[in-house]
Amino acid sequence: MKPFTYERAKTPAEAAAAVARQPGAKFLAGGTNLLDLMKLEIETPRHLVDVQDLKLDRIEPTTDGGLRIGALVTNTALAADTRVRRDYGVLTRAIVAGASGQLRNKATTAGNLLQRTRCPYFYDPNMPCNKRKPGSGCAAIGGYSRQLAVIGSSDQCIATYPGDMAVAMRVLDATVETVKADGTTRAIPIADFHRLPGDKPHLDNNLEAGELITAVTVPRPLGGTHHYEKVRDRASYAFALVSVAAVIQKDGSGRAAFGGVAHKPWRVEAADALMTQGAAAVTARAFANARPTEDNAFKIPLATRALAATIAEGKSA
Amino acid sequence: MSKQHIRATVNGDAVDFLCEPTTSLLNALRDELRLTGSKEGCGSGDCGACSVMLDDKLVCSCLVLAPEIDGRRVETIEGLAQDGQLHPLQRKFLEHGALQCGFCTPGVLVAAKALLERNVDPTEEETRYWLAGNLCRCTGYDKIIRAVLDTAAELRQERLPA
């Protein structure tokens, strides 16, 4: 691990200012991904601002009938919350489909949104990677791409966003609340939070330097049945090849977001409108502009079948 | 780089040490405090051999920085046996032969204790899911699960009114 200095922040605004002030500074919350990447020297912050004392660990009702989930609510606490289990089951299902108890106890809601790709070339410092080292090239393109993106990729990066929770947040139309270094706050719709790689694949999301996530809010419950179908090479210790977060209503309408297929949780609202016509209609629209590789073209029919499984589950519920 | 001054409670004892910010909790336990029961398997949070309790939460100590524990409470495998008496889980692991090389055992025991403190009557499925973050290369898990379930049964028996 490269040397760094460490401080604990007392308020969110102070934390944001501290990271913005010092070049190479980063926030430390659960650390389950950041510390791992620091050990590999893929992340080399010169200063860490520990935000774990900020008391952003409560889940509270919002005035419009939704929930405001503090940035530091652990994955375990979020998945176990009775209101989440009752009204936002897709969120609980997505969270418990990933990691282990030890990791979910430490990992936070905000940190989960910020986890970095598991593209094997990003993890291998001997390989060129535009995400790890801008301008160095992409070894994944033309390389082993079975796990990688089928849509929204660029000629500089075909990495995927690896998480599960954010896919559920996308289907729920969550909003990410932040505070910036100057103390101002903003609310970012989850659809606009993660980026497509384009010509800046080193940027995973649209946060500014020093901008700190304070909460994630979910709107009032959608009803329906909630599903999270995660397809992977083994039942545990693997990231999704394809995952589907879906909320299906009694009349067969619904919405779906896909994980493991793009640089961000993938949802096309115009495809949701086709839900009553079945899974194939939805994915034909959602993946209309797909650019799969020979190795990962299987992900598109897999997404159709995973969605078909959730629709069938919804009907039998 | 200036050293960090850490004051924390480990297995009920106040501890006080200096370390680099880069030191993991696991390395602080092993190298500064000489509590070498917690093991490093993968160093990346996958294997659970370094499992400890941090403020009553089961975590991988390899993915915690020592500076994070300043002012906090840590419990390790060394805190399981009390007054020279093995914890019931330790006794049952011996009875069932629920270990071979033993490298994963400290982490498994700390994780299993956390489970039984929460739920003294777990199903086999709950036990297997709870211990999914602790990898064992030797046992095939079956004896581990049986030892944990047997401990749970014994603890329930002890709690029955006389």
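Throughout, a chain's letter reflects where its sequence line sits, starting with A, and its residues are numbered from 1.
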Pick one of side chain, backbone, both or neither for [X], based on which atoms fall under 4.5 Å of a heavy atom in chain B.
| X | result |
| --- | --- |
| A:Asn105 | both |
| A:Tyr237 | side chain |
| A:Leu48 | side chain |
| A:Leu40 | neither |
| A:Thr76 | neither |

Evaluate whether atom [atom1] of [X] has more than 12 neighbouring non-hydrogen atoms of other residues, nucleotides or ligands under 6.0 angstrom away.
| X | atom1 | result |
| --- | --- | --- |
| B:Arg137 | CZ | no |
| B:Lys143 | NZ | no |
| B:Arg156 | CZ | yes |
| A:Arg85 | CZ | no |
| B:Glu158 | CD | yes |
| A:Lys39 | NZ | yes |
| B:Gln85 | CD | no |

How long is the span from the [atom1] atom in [X] to the [atom2] atom in [Y], to the nearest 0.5 Å?
| X | Y | atom1 | atom2 | answer |
| --- | --- | --- | --- | --- |
| A:Asp36 | B:Cys42 | CG | SG | 8.0 Å |
| A:Phe4 | B:Glu20 | CZ | CD | 9.5 Å |
| B:Leu65 | A:Asp50 | CG | CG | 8.0 Å |
| B:Leu63 | A:Asn33 | CG | CG | 9.5 Å |
| A:Met1 | B:Thr22 | CE | OG1 | 6.5 Å |

Examine whether an atom of B:Ala111 lies under 4.5 Å from a heavy atom of chain A, and if so say whether it belongs to the side chain, the backbone or both; otherwise answer neither.
side chain
Taking every non-hydrogen atom, the tightest pair across [X] and [Y]:
| X | Y | value |
| --- | --- | --- |
| A:Lys106 | B:Leu54 | CE-CD2, 4.2 Å |
| A:Ser100 | B:Gly133 | CB-CA, 3.5 Å |
| A:Gln102 | B:Cys60 | CB-SG, 3.6 Å |

Who wins among B:Gly45, B:Ser44, B:Pro67, B:Ala132 for the most heavy-atom pairs under 4.5 Å with chain A?
B:Pro67
Taking the side chain as C-beta and beyond, is there a heavy-atom pair between A:Leu28 and B:Glu68 under 4.5 Å?
yes
